[in-house]
Amino acid sequence: QVQLVESGGGLVQAGGSLRLSCAASGRTFSSLTMGWFRQAPGKEREFVATIIRWSGAATDYASSVKGRFTISRDNAKNTVYLQMNSLKAEDTAVYYCAALIFNPSLADLSRWDSYNYWGQGTQVTVSS
């Protein structure tokens, strides 16, 4: 069992920045491939970013956030981060952290149903 707790959401003006954190427990954190997804009202949950297990050397981003968002991990702190810069109104959503416990090479990491565990979400609101 893996527990995930997100934090860092809030209200920010367009062009501003936020850093989301997701603290994990219950399993060796470095063995987890981690992802961030988001869901806006009336829309489906969508992929934001992912970072591979162990060293986190491999990352991937949705095209809508590439160049603005950065995913990173600190295995010593059992935490994954999402640094969000140049925020836009369309980034407004509930942001969810997710963990995959299996071999990531066997999964489509952009699909929400590839992940095994989810946090409760944190609201990000960008005012224009």
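None of the values given here were measured: they were computed from a predicted structure.
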Answer yes or no: is there a donor N or O on one side and an acceptor on the other, between the side chain of [X] and the main chain of [Y], under 3.5 Å?
{"X": "Gln39", "Y": "Glu44", "result": "no"}
{"X": "Arg111", "Y": "Ala107", "result": "no"}
{"X": "Asp74", "Y": "Thr79", "result": "no"}
{"X": "Ser55", "Y": "Ala57", "result": "yes"}
{"X": "Gln83", "Y": "Arg19", "result": "no"}

Beyond-backbone contact of [X] with [Y], side-chain heavy atoms, under 4.5 angstrom:
{"X": "Pro104", "Y": "Arg53", "answer": "yes"}
{"X": "Val124", "Y": "Leu18", "answer": "yes"}
{"X": "Thr33", "Y": "Ile51", "answer": "no"}
{"X": "Leu109", "Y": "Ile52", "answer": "yes"}
{"X": "Phe29", "Y": "Val2", "answer": "no"}

What's the shortest heavy-atom distance between [X] and [Y], and which atoms?
{"X": "Thr50", "Y": "Tyr115", "result": "OG1-OH, 3.1 Å"}
{"X": "Phe69", "Y": "Arg38", "result": "CE2-NH1, 4.1 Å"}
{"X": "Met34", "Y": "Cys22", "result": "CE-SG, 4.3 Å"}
{"X": "Tyr61", "Y": "Thr70", "result": "OH-CA, 3.4 Å"}
{"X": "Asn75", "Y": "Asn78", "result": "O-OD1, 3.1 Å"}
{"X": "Leu20", "Y": "Tyr95", "result": "CD1-CB, 3.5 Å"}

Exercise. Step by step, work out the side chain to side chain donor-acceptor pair (under 3.5 Å) result for Ser114 and Asp108.
Key: CA-CA 6 Å; Ser114 292; Asp108 180 346; 5.6 Å; no

Quiz item: How far does OG of Ser86 sit from CZ of Arg68, to the nearest 0.5 angstrom?
Solution: 7.0 Å

Quiz prompt | Nearest-0.5 Å distance, CG of residue Leu32 to CG of residue Leu4 | solution = 8.0 Å

Quiz item: For the hydrophobic clusters of this structure (ILVMFWY residues joined by side-chain heavy atoms under 4.5 Å, transitively), does one cluster hold both Leu100 and Val5?
Solution: no

Exercise. Tell me, with the steps shown, if Gln13 and Ser127 meet side chain to side chain donor-acceptor pair (under 3.5 Å).
Key: CA-CA 5 Å; Gln13 288 189 332; Ser127 63; 5.0 Å; no

Practice problem: Measure from NZ or CZ of Arg73 to the centre of the six-membered ring of Tyr81 and say whether it is under 6.0 Å with the direction within 45° of the ring axis. | Solution: no

Self-check item: From CA spacing to verdict: side chain to side chain contact (heavy atoms under 4.5 Å, CB included), Gln123, Leu11
Solution: CA-CA 8 Å; Gln123 176 71 46; Leu11 174 64; over 6 Å; no

Practice problem: Would you please test Tyr96 and Phe37 for ring pair (Phe, Tyr, Trp, His ring centres under 6.0 Å) and show each step? | Solution: CA-CA 5 Å; Tyr96 296 92; Phe37 288 74; 8.9 Å; no

Practice problem: Begin from the C-alpha positions of Arg27 and Tyr117 and carry the test side chain to side chain contact (heavy atoms under 4.5 Å, CB included) through to its verdict. | Solution: CA-CA 11 Å; Arg27 199 175 181 102; Tyr117 295 96; 5.7 Å; no

Exercise. Give a yes or no on whether Trp118 atom CH2 has more than 12 heavy-atom contacts from other residues, nucleotides or ligands under 6.0 Å away.
Key: yes

Quiz item: When you look at Glu90 and Thr92, which way does the side chain to side chain donor-acceptor pair (under 3.5 Å) test go after all the steps?
Solution: CA-CA 5 Å; Glu90 51 263 44; Thr92 294; over 6 Å; no

Practice problem: Start with the C-alpha distance between Val48 and Leu82, add both sets of side-chain angles, then the distance that settles side chain to side chain contact (heavy atoms under 4.5 Å, CB included), and finish with yes or no. | Solution: CA-CA 9 Å; Val48 175; Leu82 186 69; 4.0 Å; yes

Quiz item: Passes side chain to side chain contact (heavy atoms under 4.5 Å, CB included), Thr122 versus Val94? Steps please.
Solution: CA-CA 5 Å; Thr122 185; Val94 177; 6.0 Å; no

